[in-house]
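First comes the structure, then the notes that go with it.
No experiment lies behind these values; they were computed from the predicted model shown. Below, all heavy atoms of this structure are taken into account, side chains as well, without hydrogens, waters or symmetry copies. Naming: A, B, ... by sequence-line order, numbering from 1 per chain.
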There are 2 protein chains.
Amino acid sequence: MQGNCIHRLGDLQLRILQVLWDDGPSSVAAVQRATGEDLAYTTVATMLRKMEARGLVTHHESGRRYIYRAAVKRDEVTHGIADRLVDRLFHGSLTGAVNHLLETREVDPDELDDLERLIQRHRMRS
Amino acid sequence: MQGNCIHRLGDLQLRILQVLWDDGPSSVAAVQRATGEDLAYTTVATMLRKMEARGLVTHHESGRRYIYRAAVKRDEVTHGIADRLVDRLFHGSLTGAVNHLLETREVDPDELDDLERLIQRHRMRS
DNA sequence: GAAGTAATACTACCAAGGTAGTAATTGCTT
DNA sequence: AAGCAATTACTACCTTGGTAGTATTACTTC
């Protein structure tokens, strides 16, 4: 929920949230399966419990088993993490960030087209 | 140096590296001052020692005092962290990342111009 | 109803970041 | 020389993510 420092997620925590966002409410077993990684059942269960304590997920019972669901929105988290990065590395400069990404990644012309369209679309808006 | 998981830096570690990149080789006291944060002298000294153990910085002695310098390049680190983020959050899609940044940040028209120029410049290159 | 199985709860550990106190050293200043 | 100030070394502690074992509980199946 609230000011929970939504950025600062470990790899496993993010992985689990992604499963819950993609697949919707899931049992521990389902999450374990969906992560694709080779983790003990109890590892996933423990992490889910820790995440619930932090307000990242909630659960309700279905029979004797817990069904977990994400308590934070994908956009919130993505936004939080991305913003934090832009601030930490580029002093909040979006241009700096995009520039760096363009410099250091392979970008094919199609992607450049996409980007240009994005910018056009944004220009309309303001 | 090498395979040291250059992404995965704590806030303080990144902060310290930024000081060393900006100001060049510095004593502990200088780093402490430059971080701007209110940290005990020994906190900075300890962190520098831990970072040296991880290969992030090196030191040489000048009289009885240590002068630390960054052992990793700014670009390496920035690239590592940014790449990791794009992979973690956007499945490696640069367009997805940029799109998200545009959606969630205030972007003024000047910045859009800058971005467009960036893209043009990149188009030339390929 | 006895045995097996699946689920959760509890506990424990390790590593790393972060923070800082205390001790020891050494050099400078009066 | 005596004492103060700066500096490094060592140690300690807390938190969090990550990983998983063991114990307990409860449902299912024969």
Specify the separation, in whole Å, of atom [atom1] of [X] and atom [atom2] of [N].
X       : N      : atom1 : atom2 : answer
A:Met51 : D:dT16 : CE    : C1'   : 13 Å
A:Asp11 : D:dG18 : CG    : C1'   : 10 Å
A:Glu52 : D:dT16 : CD    : C1'   : 18 Å
A:His59 : C:dA9  : NE2   : P     : 7 Å
B:Glu37 : C:dA20 : CD    : P     : 11 Å
A:Leu48 : D:dA20 : CG    : P     : 15 Å
A:Tyr66 : C:dA6  : OH    : P     : 19 Å
B:Arg33 : D:dA6  : CZ    : P     : 11 Å

May I ask you to evaluate whether [X] reaches the phosphate of [N], defined as a side-chain N or O under 4.0 Å from OP1 or OP2?
X       : N      : result
B:Arg54 : C:dG17 : yes
A:Arg65 : C:dA7  : yes
B:Arg49 : D:dA9  : yes

Can you figure out which of [options] approaches the side chain of [X] most closely?
X       : options                : result
A:Lys50 : C:dA9, D:dG17, D:dT8   : D:dG17
A:Leu12 : D:dG17, D:dA9, D:dT19  : D:dT19
B:Thr42 : C:dG18, D:dG21, C:dA20 : C:dA20
A:Met47 : C:dG18, C:dT8, D:dG17  : D:dG17
B:Arg64 : C:dA9, C:dT19, C:dG27  : C:dG27
B:Ala29 : C:dG18, D:dT7, D:dT8   : D:dT7

At 4.0 Å (heavy atoms only), tell me whether [X] reaches a base, stays on the sugar-phosphate, or touches nothing.
X       : result
A:Ala40 : sugar-phosphate
A:Leu9  : nothing
A:Thr46 : base
A:Tyr41 : base

Between B:Gln32 and B:Glu37, is a side chain to side chain donor-acceptor pair (under 3.5 Å) present by the stated rule, with each step listed?
-> CA-CA 8 Å; B:Gln32 181 199 20; B:Glu37 276 137 73; over 6 Å; no
In terms of the nearest nucleotide of DNA chain C, which residue is placed more toward the 5' end: A:Val28 or A:Arg8?
->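 Its nearest nucleotide being more 5', the pick is A:Val28.
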Does atom CZ of B:Arg74 have more than 12 heavy-atom neighbours, drawn from other residues, nucleotides or ligands, at distances under 6.0 Å?
->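 Atom CZ in B:Arg74 is crowded, with more than 12 foreign heavy atoms closer than 6.0 Å.
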Between A:Glu103 and B:His122, is a side chain to side chain contact (heavy atoms under 4.5 Å, CB included) present by the stated rule, with each step listed?
-> CA-CA 8 Å; A:Glu103 291 286 345; B:His122 261 269; 4.1 Å; yes
Measure centre to centre between the rings of B:Phe90 and B:His100, then say whether the value is under 6.0 Å.
-> yes
Step by step, work out the side chain to side chain contact (heavy atoms under 4.5 Å, CB included) result for B:Ile119 and A:Ile119.
-> CA-CA 10 Å; B:Ile119 292 171; A:Ile119 293 172; 3.5 Å; yes
Roughly how far apart are A:Ile81 CD1 and A:His7 NE2, rounded to 0.5 Å?
-> 9.0 Å
